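Please read all numbers here as calculations on a predicted model, not as lab measurements. Just so it is clear: chains get the letters A, B, ... in the order the sequence lines come, proteins before strands, and each one is counted from 1.
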Protein chains: 2
Amino acid sequence: MSPTKAPAERTATLKDVAEHAGVSPMTVSRALNKPETVSDTLRARIDAAVDALGYVQNLVAGALASAGSNVIPVIVPSLSNTVFVEIVAGIQEVAQAAGYQLMLGNTEYDLEREYTAVSTFLGWSPPGMIIAGMRHLDRTRNLLKRWGKPVVETMEFGAQPIDMNVGLSHYKAGEAMAEHLVARGYRQIVFVGCRIDADYRAAQRYKGMDRVLAKHGLARREALSYEEPSNPARGGDALMEVLRMKPKADAIFFANDDLAVGAILRAQREGIAVPKRIAIAGFNGLPFASLVTPSLTTIMSPRHEIGRIAAQQLIERISGRTPIKRRVDVSFEMQVREST
Amino acid sequence: MSPTKAPAERTATLKDVAEHAGVSPMTVSRALNKPETVSDTLRARIDAAVDALGYVQNLVAGALASAGSNVIPVIVPSLSNTVFVEIVAGIQEVAQAAGYQLMLGNTEYDLEREYTAVSTFLGWSPPGMIIAGMRHLDRTRNLLKRWGKPVVETMEFGAQPIDMNVGLSHYKAGEAMAEHLVARGYRQIVFVGCRIDADYRAAQRYKGMDRVLAKHGLARREALSYEEPSNPARGGDALMEVLRMKPKADAIFFANDDLAVGAILRAQREGIAVPKRIAIAGFNGLPFASLVTPSLTTIMSPRHEIGRIAAQQLIERISGRTPIKRRVDVSFEMQVREST
DNA sequence: CGTGAAAATGATTGCGCAATCATTTCAGGG
DNA sequence: CCCTGAAATGATTGCGCAATCATTTTCACG
């Protein structure tokens, strides 16, 4: 194709290796996939032949012949949100170590695209699948159920998973933060997020908060939602807007730490006293949250851990091992800091 | 496997669909892959049959039969570093839109693992590959060259790519920042990073800086490198350490913005005047960089764009279209802000 | 030193699909 | 109405490997 590249010779196959080593193809296959079933002598000869020919296993053919690949599809709604990335990283860590490859699908929070992705990925005969969230099209759920192989839904903890579930209850997280704010004496609490309609986990945190406010007979407000994706600058702007539009507000619960940290940095620059003039709380537990001044009260979600557990659960099941909790509620952790 | 899941019936194949629709398997294959070559009548019947049977194409078989898949392997050294994630996101965006799937490999900055990953991924008969960095084992380079299909090396811009290359010159970036610091009057400049031996792009930035210092006859120092991965808290600690150990230092060039922003937040908390007591500069252009006080002088690297361009280049070549620049030097952008 | 069971190796087959070539159908001109 | 070429459809084949079963070799033990 390009001047510097050698012409692509036909790549070596199992058969070539077999001939080169003077054994049958089947023995080569075994030497590569179950080395312990082949005698030392032959294994050595075969390894030498593999090196000599630069043989690379054709995994496609292998997957077809054995009706199953070692590719694990991972479907997330976004890659611009750190949260999903960290989950993917956790999955990767465990899966790659166990010899699985990750195939990555991004739905952009679109359930139709999610269906397409699931459907396409099934075509790779994977041994299982990991998918973010528990809200899917009926078609998607049915497709996965009929498929009958292990599936892990991550991020949130919820009822009636398709198969397995690892996550945390965002509703409870919202409740916990609201209880904290109320206990601290805040009475006019505002929830601020981005694309809350699409990010229904954020919506659940809002609902959890709302329920607590109702319980305490406090003023309840619609969540304030912006159309752009979450980013720190937006958080800063939102803070200013809240101060202007709802001067009585005494606390903001941001949908995530990107927004919340952005708000704190802005407050600092503008000389707004946090938490005196207004308290700020976030969700996720970003590294910066503990370093800003004032440090941010937030809820730590164990993203990496969720990914790891999800992958472990899946691999256990793929390997046919049995006793597993189908639903894992990873706990979140309130981090009360200076901003409230 | 689990009580709630239906027994997995044998999944429908092309042949099943063909029988259901009363046509030959080949026609079904065409209807699915090149719809325009099949008459409207049959296409409708076939689509109906597909729906009726819930048929999902077996991509493994397709890939084997046509000796090529539409999976693009992407190999990165880490997923905990935002930089790579953003590149992956950029690649994803373009690749998924063009109907390709991404397979993700993580080398943890280990060149042996990189070789293994490349080798394994070749087994999926991909049409091309994207790999981070230009430093590989000879074996890896040779393997890819002999393979003969399009390969894009990303992140940095360098000489003699395996095939194609999209990135920026980290050496020049280091020079640019050093020139800026020197022009501002700083004379005792320290470079601080994490795992600089493994992160050789950071090392190149250091070298670029070092050359400029030498040129101006200024004091040159070894880079200060920590063994843990970069994180903001480490940046803060490093700042304190530099102040204590090298009290004459008047500027720190951090290997990345995570460290630099962490240092600024720490300075703020400790009441250290930036840039008066010591100037701070970073690299990458994180969103928080412009929001901290003082705002951070840094170099913006177009990560997402690098990913997009890499994917575009690759797909162009895969599609057999010709006139393409083999090497793309995406420009970086100095952002001079308050911290210097 | 023979025997039987276990271990190692080999031959055959088919996974599900697309490339390829062969055949049929169709539209339009004479 | 036939002929021709193009479009649509079909039949055959093989991609490269692992599952499966058949065969050979090895080894422990009487």
Side-chain angles (χ1 to χ4, degrees), chain A residues 8-47 49-50 53-71 99 119-120 122-127, chain B residues 8-47 49-50 53-71 99 119-120 122-127:
Chain A
E9 325 115 29
R10 189 182 67 85
T11 55
T13 70
L14 250 201
K15 209 172 137 198
D16 300 327
V17 176
E19 282 168 10
H20 194 280
V23 298
S24 77
M26 201 52 236
T27 304
V28 177
S29 172
R30 275 192 279 254
L32 295 170
N33 298 318
K34 299 178 190 169
E36 71 280 4
T37 66
V38 173
S39 69
D40 295 350
T41 337
L42 287 193
R43 186 147 24 81
R45 258 183 24 224
I46 290 168
D47 287 348
V50 166
L53 299 178
Y55 172 68
V56 174
Q57 266 190 82
N58 184 326
L59 300 174
V60 176
L64 180 61
S66 58
S69 68
N70 59 353
V71 171
S119 174
T120 306
L122 288 186
W124 285 104
S125 312
Chain B
E9 327 115 27
R10 190 181 67 83
T11 56
T13 70
L14 250 201
K15 209 172 139 201
D16 299 327
V17 176
E19 282 168 10
H20 194 280
V23 299
S24 77
M26 201 52 236
T27 304
V28 177
S29 172
R30 275 192 278 254
L32 264 34
N33 299 319
K34 297 179 191 169
E36 71 280 4
T37 66
V38 172
S39 69
D40 295 350
T41 337
L42 286 193
R43 186 147 24 81
R45 260 185 20 224
I46 290 169
D47 288 347
V50 166
L53 299 178
Y55 171 69
V56 174
Q57 265 191 81
N58 184 325
L59 300 175
V60 176
L64 180 60
S66 58
S69 68
N70 59 352
V71 171
S119 173
T120 306
L122 289 186
W124 285 104
S125 313

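Here the P atom of nucleotide D:dG10 and the CZ atom of B:Arg30 are 8 Å apart, to the nearest Å. The separation between B:Leu32 atom CG and C:dC17 atom C1' is 11 Å, rounded to whole Å. As rounded to whole Å, 10 Å separates atom C1' of C:dG16 from atom NZ of B:Lys15. Rounded to whole Å, atom P of D:dA7 lies 14 Å from atom NZ of B:Lys34. When rounded to the nearest whole Å, the span between CG of A:Leu42 and C1' of D:dT25 equals 12 Å. If you measure from atom CG of B:Asp16 to atom P of C:dC17, you get 9 Å, rounded to the nearest angstrom. Between the CG atom of B:Asn58 and the P atom of C:dA18 there is a distance of 9 Å, given to the nearest Å. In this structure, B:Arg43 atom CZ and D:dA8 atom P are separated by 10 Å, rounded to whole Å.
In this model, the phosphate group of D:dT9 is not approached by any side-chain N or O of B:Thr37 to a distance below 4.0 Å at OP1 or OP2. For D:dC17, neither phosphate oxygen OP1 nor OP2 lies less than 4.0 angstrom from any side-chain nitrogen or oxygen of A:Ser66. Contact check, B:Tyr55 against C:dG16: no side-chain N or O comes under 4.0 Å of OP1 or OP2.
Residues B:Val71 and B:Pro127 approach most closely at O-CD, 3.2 Å, considering heavy atoms.
Nearest-nucleotide positions on DNA chain D for B:Met26 and A:Ala12 put B:Met26 closer to the 5' end. Residues A:Ser24 and B:Leu14 both approach DNA chain C. Their nearest nucleotides, taken by heavy-atom distance, put A:Ser24 toward the 5′ side. Map B:Gly22 and A:Ala65 each onto its nearest nucleotide of DNA chain D; the residue landing nearer the 5' end is B:Gly22.
Across all strands shown, B:Leu59 has no heavy atoms under 4.0 Å from either base or sugar-phosphate atoms. Looking at heavy-atom distances under 4.0 Å, B:Val38 makes contact with sugar-phosphate atoms alone, never a base. As judged by a 4.0 angstrom heavy-atom cut-off over every strand, B:Val23 is placed among residues touching the sugar-phosphate backbone only.
Between the side chain of B:Arg43 and the backbone N or O of B:Val38, at least one donor-acceptor pair lies under 3.5 Å. Of the possible polar contacts, one joining the A:Arg45 side chain to the A:Ala21 backbone as a donor-acceptor pair under 3.5 Å is found. Looking at B:Ser69, its side chain never comes within 3.5 Å of a backbone N or O of B:Ala63 through a donor-acceptor pair.
Here B:Thr13 contributes atom OG1 and B:Tyr55 contributes atom OH; the two are 7.0 Å apart, rounded to the nearest 0.5 Å.
Taking every side-chain heavy atom of B:Ser29 into account, C:dA18 is the closest of D:dC17, C:dC15, C:dA18. If you check C:dG16, D:dG16, D:dT20 against the side chain of A:Thr13, the one that comes closest is D:dG16. You'll find that the side chain of A:Ala61 is closest to D:dG16, out of C:dG16, D:dA18, D:dG16.
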